[in-house]
Number of protein chains: 2
Amino acid sequence: MDTATKPIGCLQAATDILGDKWTPHLLRYFINEEIVRFCQLQDLTGGINPRTLSSRLTALEETGIIKKIISGPGSRCEYKLTAKGHDLLPILQDMEAWSDKYAPSNA
Amino acid sequence: MDTATKPIGCLQAATDILGDKWTPHLLRYFINEEIVRFCQLQDLTGGINPRTLSSRLTALEETGIIKKIISGPGSRCEYKLTAKGHDLLPILQDMEAWSDKYAPSNA
DNA sequence: CAGCATCCAGAACGATACTG
DNA sequence: CAGTATCGTTCTGGATGCTG
């Protein structure tokens, strides 16, 4: 892969994650929450399909953006950001600022 | 829509654009080029489907991120970023930096 | 509570060929 | 050069119901 004519690929890792339908929104919740649970996300998103949520969470865990923590009885578990995930937050916030600036009442 | 429980929607505008498969890469070329042509993009991307490229360009134009400029004879035309589009570049660069930091030799 | 399984509608994208 | 037309495939994600 020649970097001269094809300097892409660099963006790939970020777009792979942020390009999925729910992921940016999901990640957004970590800005204020730090630790989030499955059912919380279902709730916050207004009823995301558990299948979708599960797959997003799995992908995020596999790419090392979040970490799953089994906590307590009754299948209670929590998700929190890793350092890698934390570094994503400023980008999310910039995206949000941009959206807000150019599409304030975005339908 | 209640902003308390559903503070989303803000990210939407950005993710709608950056979520498409080629768009971030396409935009990336504007960092160095300023003015880009259809065939250049086809070339730079390594042969993106013209149908796809066309639809991306149309979408970008409709959201006011790029501007199409008919220039010269022979269907020659060019695309350049608007102010709105320019404001997207830092985000792209951050995404690139992030990708580079956490997935250097990203396959 | 935290998922997984199955089924399915529709969007996204590539290949290829053709036009103003 | 800058697209459009057509076709087909693949991938995504929603609905719904079940399980550890």
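Chain A is the first sequence line, chain B the second, and so forth, proteins listed ahead of strands; every chain is numbered from 1.
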Reading 5' to 3' through nucleotides 7-20 of chain C, protein heavy-atom contacts under 4.0 Å coded B for base, S for sugar-phosphate only, - for none: ------BBBB---B
Spacing of B/Glu61 atom CD relative to D/dA2 atom P, expressed in whole Å: 14 Å
Minimum heavy-atom distance between B/Ser99 and A/Leu11, given as atom pair plus value: OG-O, 3.4 Å
Atom pair distance, as rounded to whole Å: CG in A/Leu41 and P in C/dG3: 10 Å
Taking every non-hydrogen atom, the tightest pair across A/Leu41 and A/Ile48: O-CG2, 4.3 Å
Proximity to the side chain of B/Cys39 - top-ranked nucleotide from C/dA2, D/dC1, D/dG3: D/dC1
side-chain N/O A/Tyr79 vs C/dC1 OP1/OP2, d < 4.0 Å: no
Spacing of A/Leu53 atom CG relative to C/dC4 atom P, expressed in whole Å: 10 Å
Atom-pair distance (CZ on B/Phe38; C1' on D/dC1), nearest Å: 9 Å
Atom-to-atom span, CG of B/Leu26 to C1' of D/dG3 - whole angstrom: 15 Å
Nearest-neighbour nucleotide for the B/Ser54 side chain, C/dA2, C/dC4, D/dT4 considered: D/dT4
Passing option when A/Arg28 is tested against A/Gln93, A/Glu33, A/Glu96 for side chain to side chain donor-acceptor pair (under 3.5 Å): A/Glu96
Interatomic distance, A/Leu44 CG vs C/dA2 P [rounded to whole Å]: 12 Å
Shortest non-hydrogen contact between A/Asp94 and B/Ile91, atoms and distance: O-CD1, 3.6 Å
Distance in Å, A/Asp20 CG paired with A/Thr52 OG1, rounded so as to fall on 0.5 Å steps: 10.0 Å
Whether B/Tyr102 and B/Trp98 hold their rings parallel, tilted or perpendicular, with breakpoints at 30° and 60°: tilted
Listed once per pair and sorted, the side-chain hydrogen bond (donor to acceptor under 3.5 Å, both in side chains) pairs that draw on residues 54-82 of chain B, sequence neighbours left out: none
Integer-rounded Å distance: C/dC1 P and A/Ile35 CD1: 18 Å
Interatomic distance, B/Leu57 CG vs D/dA2 C1' [rounded to whole Å]: 10 Å
